[in-house]
Visitor: 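The structure follows.
Within every chain, numbering begins at 1; the chains are lettered A, B, ... in the order of the sequence lines, protein sequences first and strands thereafter. The model shown is predicted, which means the values in this text are computed figures rather than measured ones.
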Number of protein chains: 2
Amino acid sequence: MSASTKLSNSVKALCFLARNSSEPQSSATISHHTGVNASKLRKLLADLAKIKVVNTTKGASGGYFLARPPEKIHLQEIYCGIEDRKAFHLDVTHTDLTKSGEAAAVNAYFLKLFSEIQVDIEDKMRTLTLASILEATASN
Amino acid sequence: MSASTKLSNSVKALCFLARNSSEPQSSATISHHTGVNASKLRKLLADLAKIKVVNTTKGASGGYFLARPPEKIHLQEIYCGIEDRKAFHLDVTHTDLTKSGEAAAVNAYFLKLFSEIQVDIEDKMRTLTLASILEATASN
DNA sequence: TCATGTGTTACAGTTAATGTAACATATATT
DNA sequence: AATATATGTTACATTAACTGTAACACATGA
(Lines give C-alpha, C1' and ligand atoms only; values in the text may rest on other atoms or scores of the structure.)
Protein backbone atom coordinates (compact mmCIF):
# COMPACT_ATOMS: atom_id res chain seq x y z
CA MET A 1 0.00 0.00 0.00
CA SER A 2 1.15 3.48 -0.72
CA ALA A 3 1.50 5.85 2.20
CA SER A 4 -1.63 7.75 1.29
CA THR A 5 -3.68 4.58 0.87
CA LYS A 6 -2.53 3.26 4.22
CA LEU A 7 -3.47 6.56 5.79
CA SER A 8 -6.96 6.70 4.34
CA ASN A 9 -7.61 3.04 5.09
CA SER A 10 -6.49 3.58 8.67
CA VAL A 11 -8.79 6.54 9.05
CA LYS A 12 -11.70 4.56 7.62
CA ALA A 13 -11.15 1.95 10.31
CA LEU A 14 -10.74 4.53 13.06
CA CYS A 15 -13.91 6.34 12.01
CA PHE A 16 -15.79 3.07 12.17
CA LEU A 17 -14.40 2.39 15.62
CA ALA A 18 -15.37 5.88 16.77
CA ARG A 19 -18.91 5.40 15.53
CA ASN A 20 -19.22 1.92 17.00
CA SER A 21 -17.49 2.26 20.33
CA SER A 22 -19.84 0.25 22.50
CA GLU A 23 -17.81 -2.92 22.02
CA PRO A 24 -14.58 -4.14 20.39
CA GLN A 25 -14.87 -4.57 16.64
CA SER A 26 -13.12 -7.41 14.83
CA SER A 27 -11.07 -6.94 11.70
CA ALA A 28 -13.71 -8.96 9.84
CA THR A 29 -16.46 -6.57 10.90
CA ILE A 30 -14.40 -3.50 10.09
CA SER A 31 -13.49 -5.00 6.73
CA HIS A 32 -17.12 -5.64 5.95
CA HIS A 33 -18.10 -2.06 6.65
CA THR A 34 -15.11 -0.29 5.11
CA GLY A 35 -14.26 -2.55 2.19
CA VAL A 36 -10.62 -2.78 3.30
CA ASN A 37 -9.02 -6.24 3.39
CA ALA A 38 -9.14 -7.71 6.90
CA SER A 39 -5.52 -8.86 6.86
CA LYS A 40 -4.31 -5.40 5.88
CA LEU A 41 -6.50 -3.87 8.57
CA ARG A 42 -4.89 -6.10 11.18
CA LYS A 43 -1.45 -4.91 10.08
CA LEU A 44 -2.49 -1.25 10.20
CA LEU A 45 -4.31 -1.57 13.51
CA ALA A 46 -1.44 -3.52 15.03
CA ASP A 47 0.83 -0.57 14.18
CA LEU A 48 -1.69 1.84 15.69
CA ALA A 49 -1.88 -0.30 18.83
CA LYS A 50 1.89 0.07 19.28
CA ILE A 51 1.51 3.83 19.57
CA LYS A 52 -1.58 3.50 21.77
CA VAL A 53 -4.09 4.92 19.34
CA VAL A 54 -6.17 1.77 19.60
CA ASN A 55 -6.31 -1.06 22.10
CA THR A 56 -6.90 -4.67 21.22
CA THR A 57 -8.34 -7.68 22.99
CA LYS A 58 -7.85 -11.15 21.64
CA GLY A 59 -10.14 -14.11 21.80
CA ALA A 60 -13.86 -14.46 21.45
CA SER A 61 -15.79 -11.17 21.33
CA GLY A 62 -12.46 -9.40 21.15
CA GLY A 63 -11.28 -6.86 18.60
CA TYR A 64 -10.16 -3.25 18.33
CA PHE A 65 -11.34 -0.09 20.01
CA LEU A 66 -10.07 3.47 20.33
CA ALA A 67 -7.63 4.01 23.16
CA ARG A 68 -8.49 7.72 23.38
CA PRO A 69 -11.35 10.04 22.45
CA PRO A 70 -11.25 11.19 18.80
CA GLU A 71 -10.36 14.72 19.90
CA LYS A 72 -6.99 13.45 21.11
CA ILE A 73 -6.02 11.47 18.03
CA HIS A 74 -4.09 13.45 15.44
CA LEU A 75 -3.64 12.62 11.79
CA GLN A 76 0.10 13.13 12.05
CA GLU A 77 0.58 10.43 14.65
CA ILE A 78 -1.54 8.04 12.62
CA TYR A 79 0.65 8.74 9.60
CA CYS A 80 3.87 8.29 11.56
CA GLY A 81 2.56 5.15 13.21
CA ILE A 82 1.76 3.28 10.03
CA GLU A 83 4.56 4.55 7.81
CA ASP A 84 7.88 2.87 8.36
CA ARG A 85 9.93 3.96 5.39
CA LYS A 86 8.70 7.53 5.91
CA ALA A 87 8.34 10.21 3.28
CA PHE A 88 5.79 10.55 0.53
CA HIS A 89 7.85 8.72 -2.06
CA LEU A 90 9.93 11.79 -2.70
CA ASP A 91 12.98 10.00 -3.98
CA VAL A 92 15.99 11.19 -5.87
CA THR A 93 18.01 9.01 -8.19
CA HIS A 94 20.93 7.38 -6.50
CA THR A 95 23.64 9.02 -8.55
CA ASP A 96 26.92 7.20 -8.66
CA LEU A 97 29.48 9.52 -7.20
CA THR A 98 31.90 9.02 -10.05
CA LYS A 99 30.00 11.66 -11.95
CA SER A 100 30.67 15.35 -11.60
CA GLY A 101 29.70 16.97 -8.36
CA GLU A 102 26.99 19.01 -10.04
CA ALA A 103 24.50 16.16 -10.21
CA ALA A 104 25.27 15.23 -6.63
CA ALA A 105 24.72 18.82 -5.55
CA VAL A 106 21.32 18.88 -7.22
CA ASN A 107 20.44 15.60 -5.51
CA ALA A 108 21.37 17.08 -2.16
CA TYR A 109 19.36 20.18 -2.92
CA PHE A 110 16.22 18.18 -3.64
CA LEU A 111 16.64 15.87 -0.69
CA LYS A 112 16.65 18.96 1.48
CA LEU A 113 13.67 20.48 -0.33
CA PHE A 114 11.67 17.27 -0.11
CA SER A 115 12.37 16.85 3.58
CA GLU A 116 11.16 20.42 4.11
CA ILE A 117 7.98 19.54 2.23
CA GLN A 118 7.65 16.45 4.40
CA VAL A 119 7.79 18.61 7.51
CA ASP A 120 5.17 20.94 6.06
CA ILE A 121 2.87 18.02 5.37
CA GLU A 122 3.25 16.68 8.89
CA ASP A 123 2.62 20.14 10.34
CA LYS A 124 -0.62 20.28 8.41
CA MET A 125 -1.61 16.81 9.61
CA ARG A 126 -0.88 17.81 13.19
CA THR A 127 -3.74 20.30 13.04
CA LEU A 128 -6.27 17.61 12.10
CA THR A 129 -7.88 15.31 14.65
CA LEU A 130 -9.98 12.22 14.16
CA ALA A 131 -12.84 14.26 15.64
CA SER A 132 -12.53 16.87 12.90
CA ILE A 133 -12.51 14.15 10.26
CA LEU A 134 -15.59 12.56 11.80
CA GLU A 135 -17.33 15.89 11.62
CA ALA A 136 -16.23 16.52 8.03
CA THR A 137 -17.39 13.10 6.88
CA ALA A 138 -20.63 12.94 8.83
CA SER A 139 -23.47 11.75 6.64
CA ASN A 140 -26.31 13.14 8.71
CA MET B 1 10.31 7.82 -13.33
CA SER B 2 8.65 9.10 -10.21
CA ALA B 3 7.62 12.73 -10.14
CA SER B 4 10.47 13.70 -7.85
CA THR B 5 13.06 11.87 -9.94
CA LYS B 6 11.83 13.51 -13.12
CA LEU B 7 12.04 16.87 -11.40
CA SER B 8 15.57 16.45 -10.15
CA ASN B 9 16.76 15.01 -13.45
CA SER B 10 15.21 17.92 -15.29
CA VAL B 11 16.93 20.39 -13.03
CA LYS B 12 20.26 18.63 -13.50
CA ALA B 13 19.88 19.10 -17.24
CA LEU B 14 18.77 22.72 -16.93
CA CYS B 15 21.68 23.53 -14.63
CA PHE B 16 24.05 22.07 -17.15
CA LEU B 17 22.46 24.15 -19.92
CA ALA B 18 22.70 27.27 -17.80
CA ARG B 19 26.39 26.67 -17.15
CA ASN B 20 27.11 25.81 -20.78
CA SER B 21 25.03 28.32 -22.68
CA SER B 22 27.45 29.26 -25.42
CA GLU B 23 26.04 26.64 -27.77
CA PRO B 24 23.24 24.05 -27.96
CA GLN B 25 23.99 20.89 -25.98
CA SER B 26 22.92 17.48 -27.24
CA SER B 27 21.14 14.92 -25.09
CA ALA B 28 24.27 12.75 -25.36
CA THR B 29 26.46 15.50 -23.94
CA ILE B 30 24.00 16.31 -21.15
CA SER B 31 23.70 12.62 -20.35
CA HIS B 32 27.45 12.30 -20.12
CA HIS B 33 27.74 15.15 -17.64
CA THR B 34 24.66 14.43 -15.54
CA GLY B 35 24.50 10.65 -15.58
CA VAL B 36 20.88 10.71 -16.72
CA ASN B 37 19.89 8.44 -19.62
CA ALA B 38 19.90 10.34 -22.93
CA SER B 39 16.55 8.97 -24.05
CA LYS B 40 14.88 10.03 -20.84
CA LEU B 41 16.49 13.44 -21.11
CA ARG B 42 15.02 13.88 -24.57
CA LYS B 43 11.57 13.08 -23.20
CA LEU B 44 11.95 15.52 -20.32
CA LEU B 45 13.44 18.28 -22.46
CA ALA B 46 10.80 17.79 -25.14
CA ASP B 47 8.18 18.45 -22.48
CA LEU B 48 10.07 21.51 -21.31
CA ALA B 49 10.30 22.75 -24.90
CA LYS B 50 6.50 22.65 -25.16
CA ILE B 51 6.21 25.17 -22.33
CA LYS B 52 9.07 27.26 -23.72
CA VAL B 53 11.53 26.67 -20.92
CA VAL B 54 14.08 25.39 -23.43
CA ASN B 55 14.43 25.68 -27.17
CA THR B 56 15.70 22.96 -29.44
CA THR B 57 17.42 22.84 -32.80
CA LYS B 58 17.67 19.64 -34.76
CA GLY B 59 20.37 18.48 -37.06
CA ALA B 60 24.13 18.66 -36.83
CA SER B 61 25.46 20.87 -34.00
CA GLY B 62 21.91 21.14 -32.74
CA GLY B 63 20.63 20.44 -29.25
CA TYR B 64 18.96 22.13 -26.32
CA PHE B 65 19.42 25.56 -24.77
CA LEU B 66 17.54 27.66 -22.24
CA ALA B 67 14.76 29.78 -23.72
CA ARG B 68 14.99 32.30 -20.87
CA PRO B 69 17.50 33.45 -18.28
CA PRO B 70 17.57 31.26 -15.14
CA GLU B 71 15.98 34.04 -13.09
CA LYS B 72 12.78 33.64 -15.08
CA ILE B 73 12.48 29.87 -14.84
CA HIS B 74 10.49 28.66 -11.84
CA LEU B 75 10.57 25.20 -10.29
CA GLN B 76 6.80 25.03 -10.33
CA GLU B 77 6.52 25.38 -14.10
CA ILE B 78 9.21 22.75 -14.58
CA TYR B 79 7.26 20.40 -12.35
CA CYS B 80 3.98 21.09 -14.13
CA GLY B 81 5.62 20.76 -17.51
CA ILE B 82 7.05 17.30 -16.97
CA GLU B 83 4.32 15.80 -14.82
CA ASP B 84 1.33 14.58 -16.77
CA ARG B 85 -0.60 12.53 -14.24
CA LYS B 86 -0.05 15.27 -11.66
CA ALA B 87 0.07 14.84 -7.91
CA PHE B 88 2.79 13.33 -5.80
CA HIS B 89 1.37 9.83 -5.88
CA LEU B 90 -1.18 10.76 -3.28
CA ASP B 91 -3.74 8.15 -4.23
CA VAL B 92 -6.76 6.86 -2.43
CA THR B 93 -8.14 3.38 -2.91
CA HIS B 94 -10.81 3.19 -5.52
CA THR B 95 -13.62 2.10 -3.26
CA ASP B 96 -16.49 0.39 -4.96
CA LEU B 97 -19.54 2.49 -4.30
CA THR B 98 -21.60 -0.47 -3.17
CA LYS B 99 -20.06 -0.04 0.26
CA SER B 100 -21.43 2.28 2.86
CA GLY B 101 -21.07 5.96 2.26
CA GLU B 102 -18.65 6.34 5.14
CA ALA B 103 -15.68 4.95 3.25
CA ALA B 104 -16.53 7.09 0.25
CA ALA B 105 -16.73 10.16 2.49
CA VAL B 106 -13.27 9.45 3.87
CA ASN B 107 -11.95 9.03 0.35
CA ALA B 108 -13.40 12.37 -0.63
CA TYR B 109 -11.93 13.95 2.48
CA PHE B 110 -8.43 12.74 1.65
CA LEU B 111 -8.65 13.64 -2.01
CA LYS B 112 -9.40 17.18 -0.87
CA LEU B 113 -6.62 17.16 1.70
CA PHE B 114 -4.08 15.79 -0.76
CA SER B 115 -5.01 18.35 -3.38
CA GLU B 116 -4.52 21.06 -0.76
CA ILE B 117 -1.09 19.63 -0.03
CA GLN B 118 -0.40 19.59 -3.74
CA VAL B 119 -1.21 23.30 -3.93
CA ASP B 120 1.07 24.00 -0.97
CA ILE B 121 3.91 22.15 -2.66
CA GLU B 122 3.45 24.07 -5.88
CA ASP B 123 3.30 27.36 -3.97
CA LYS B 124 6.64 26.50 -2.43
CA MET B 125 8.10 25.61 -5.82
CA ARG B 126 6.86 28.87 -7.26
CA THR B 127 9.25 30.73 -5.00
CA LEU B 128 12.28 28.88 -6.35
CA THR B 129 13.98 29.81 -9.61
CA LEU B 130 16.61 27.99 -11.58
CA ALA B 131 18.92 30.87 -10.67
CA SER B 132 18.43 30.23 -6.96
CA ILE B 133 19.15 26.53 -7.48
CA LEU B 134 22.30 27.35 -9.46
CA GLU B 135 23.44 29.50 -6.58
CA ALA B 136 22.62 26.86 -3.99
CA THR B 137 24.45 24.13 -5.88
CA ALA B 138 27.46 26.16 -6.97
CA SER B 139 30.66 24.23 -6.35
CA ASN B 140 32.98 27.22 -6.29
C1' DT C 1 23.76 14.09 -49.83
C1' DC C 2 24.96 12.71 -45.38
C1' DA C 3 25.97 12.84 -40.78
C1' DT C 4 23.85 14.41 -36.62
C1' DG C 5 20.23 15.11 -33.36
C1' DT C 6 15.45 15.26 -31.75
C1' DG C 7 10.86 13.12 -30.70
C1' DT C 8 8.58 9.02 -29.93
C1' DT C 9 7.56 4.22 -29.42
C1' DA C 10 8.52 -0.31 -27.98
C1' DC C 11 10.35 -3.83 -25.16
C1' DA C 12 12.64 -6.94 -21.96
C1' DG C 13 14.14 -7.17 -17.10
C1' DT C 14 13.43 -5.85 -12.74
C1' DT C 15 11.13 -4.14 -8.89
C1' DA C 16 7.15 -2.97 -6.22
C1' DA C 17 2.30 -3.24 -5.03
C1' DT C 18 -1.84 -6.15 -4.23
C1' DG C 19 -4.93 -9.35 -2.51
C1' DT C 20 -5.30 -13.53 -0.31
C1' DA C 21 -4.28 -17.34 2.43
C1' DA C 22 -2.29 -19.67 6.27
C1' DC C 23 -1.00 -20.39 10.93
C1' DA C 24 1.00 -19.74 15.54
C1' DT C 25 -0.34 -17.36 19.65
C1' DA C 26 -3.57 -15.66 22.91
C1' DT C 27 -7.98 -15.43 25.41
C1' DA C 28 -13.01 -14.95 26.34
C1' DT C 29 -16.72 -18.18 26.82
C1' DT C 30 -19.04 -22.36 27.90
C1' DA D 1 -10.46 -27.94 30.51
C1' DA D 2 -12.00 -27.52 25.87
C1' DT D 3 -13.36 -24.77 22.16
C1' DA D 4 -14.34 -21.20 19.25
C1' DT D 5 -12.79 -16.74 18.08
C1' DA D 6 -9.55 -13.12 17.15
C1' DT D 7 -5.08 -10.99 16.65
C1' DG D 8 -0.22 -10.64 14.82
C1' DT D 9 2.74 -12.11 11.41
C1' DT D 10 4.60 -14.39 7.45
C1' DA D 11 4.41 -16.10 2.94
C1' DC D 12 3.09 -16.28 -1.78
C1' DA D 13 1.21 -15.91 -6.35
C1' DT D 14 -0.63 -12.44 -9.37
C1' DT D 15 -0.62 -8.18 -11.24
C1' DA D 16 0.97 -3.65 -12.09
C1' DA D 17 4.62 -0.17 -12.38
C1' DC D 18 9.12 1.32 -13.03
C1' DT D 19 13.75 1.23 -15.38
C1' DG D 20 17.11 1.33 -18.72
C1' DT D 21 17.99 0.67 -23.30
C1' DA D 22 17.35 0.25 -28.03
C1' DA D 23 15.38 1.46 -32.35
C1' DC D 24 13.74 4.41 -35.90
C1' DA D 25 11.11 7.98 -38.37
C1' DC D 26 11.57 12.77 -39.02
C1' DA D 27 14.08 17.02 -39.39
C1' DT D 28 18.06 19.88 -40.45
C1' DG D 29 22.69 21.91 -40.49
C1' DA D 30 26.99 21.21 -42.97
Visitor: Just how far, in rounded Å, is P of C:dT20 from CG of A:Leu41?
Guide: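 About 12 Å, once rounded to whole Å.
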Visitor: Mark up nucleotides 21-30 of chain D, 5' to 3', with B wherever a protein heavy atom is under 4.0 angstrom from a base atom, S wherever such an atom reaches only the sugar-phosphate, and - elsewhere.
Guide: BBB---SBSS
Visitor: Identify the heavy atoms of A:Asn9 and A:Leu41 that sit nearest to each other, and give their distance.
Guide: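 Residues A:Asn9 and A:Leu41, closest heavy atoms: O-CD2, 4.4 Å.
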Visitor: Grab the CD1-P distance between A:Ile82 and D:dT9 for me, whole Å please.
Guide: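 Spelled out: CD1 on A:Ile82 to P on D:dT9 is 16 Å.
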Visitor: Rounded to whole Å, how long is the line connecting atom CG of A:Asn9 with atom P of C:dA17?
Guide: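 Result: 15 Å.
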Visitor: List for me each residue that meets side-chain hydrogen bond (donor to acceptor under 3.5 Å, both in side chains) alongside A:Lys52, sequence neighbours excluded, and say none if there are none.
Guide: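 A:Lys52 satisfies side-chain hydrogen bond (donor to acceptor under 3.5 Å, both in side chains) with no residue once adjacent residues are dropped.
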Visitor: Whole angstroms only, please: what is the NZ-P distance between B:Lys43 and C:dT9?
Guide: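 Distance check: B:Lys43 NZ to C:dT9 P gives 8 Å.
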Visitor: Given atom OH of B:Tyr64 and atom P of C:dT6, what is their separation to the nearest angstrom?
Guide: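 After rounding, the reported distance stands at 5 Å.
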Visitor: Mind listing the side-chain donor-acceptor pairs of residues 127-135 of chain B below 3.5 Å, one per line with the distance, residues two or more places apart or on another chain?
Guide:
residue	atom	partner	partner atom	Å
B:Thr127	OG1	B:Lys124	O	2.7
B:Thr129	OG1	B:Ala131	N	3.3
B:Thr129	OG1	B:Ser132	N	3.1
B:Ser132	OG	B:Thr129	N	3.2
B:Ser132	OG	B:Thr129	O	2.7

Visitor: Give, for atom CZ of A:Phe65 and atom OG1 of A:Thr57, the distance between the pair rounded to the nearest 0.5 Å.
Guide: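 Between atom CZ of A:Phe65 and atom OG1 of A:Thr57 there are 5.5 Å.
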Visitor: So which pairs with a foot in residues 57-80 of chain B pass salt bridge (charged side-chain N to carboxylate O under 4.0 Å, His left out), sequence neighbours left out?
Guide: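 Pairs touching residues 57-80 of chain B that pass the test: B:Arg68-B:Glu77.
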Visitor: Would you check if A:Met125 and A:His74 make a side-chain contact, meaning some heavy-atom pair closer than 4.5 Å?
Guide: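 Sidechains of A:His74 and A:Met125: no contact.
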Visitor: With a 4.0 Å heavy-atom cut-off, tell me which residues in residues 16-27 of chain A come close to DNA chain C, sorted by residue number.
Guide: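 Result for residues 16-27 of chain A: none.
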Visitor: Under the ring pair (Phe, Tyr, Trp, His ring centres under 6.0 Å) rule, what pairs show up with a residue in residues 2-30 of chain A, not counting sequence neighbours?
Guide: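 Applying ring pair (Phe, Tyr, Trp, His ring centres under 6.0 Å) to every pair that reaches into residues 2-30 of chain A, excluding sequence neighbours, yields A:Phe16-A:His33.
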Visitor: Output yes when at least one side-chain N/O atom of A:Lys50 is less than 4.0 Å from OP1 or OP2 of D:dT9, else no.
Guide: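 Answer yes for this pair, as a side-chain N or O of A:Lys50 is under 4.0 Å from OP1 or OP2.
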Visitor: Whole angstrom is fine here: how far is it from CG in A:Asn55 over to C1' in C:dT27?
Guide: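 After rounding, the gap between these two atoms is 16 Å.
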Visitor: Rounded to whole Å, how long is the line connecting atom CZ of B:Phe65 with atom C1' of C:dG5?
Guide: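 One finds 14 Å between C1' of C:dG5 and CZ of B:Phe65, rounded.
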Visitor: Over how many whole Å does the gap from A:Asp47 atom CG to D:dT7 atom P extend?
Guide: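 Interatomic distance, CG of A:Asp47 to P of D:dT7: 15 Å.
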Visitor: Minimum heavy-atom separation for A:Ile51 and A:Gly81, please, with both atom names.
Guide: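 In terms of heavy atoms, the two residues are closest at CD1-CA, 3.7 Å.
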Visitor: B:Ser27 and side chain to side chain donor-acceptor pair (under 3.5 Å): which partner among B:Lys40, B:Lys43, B:His32, B:Arg42?
Guide: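 Going through B:Lys40, B:Lys43, B:His32, B:Arg42 one by one, the side chain to side chain donor-acceptor pair (under 3.5 Å) with B:Ser27 is satisfied by B:Arg42 alone.
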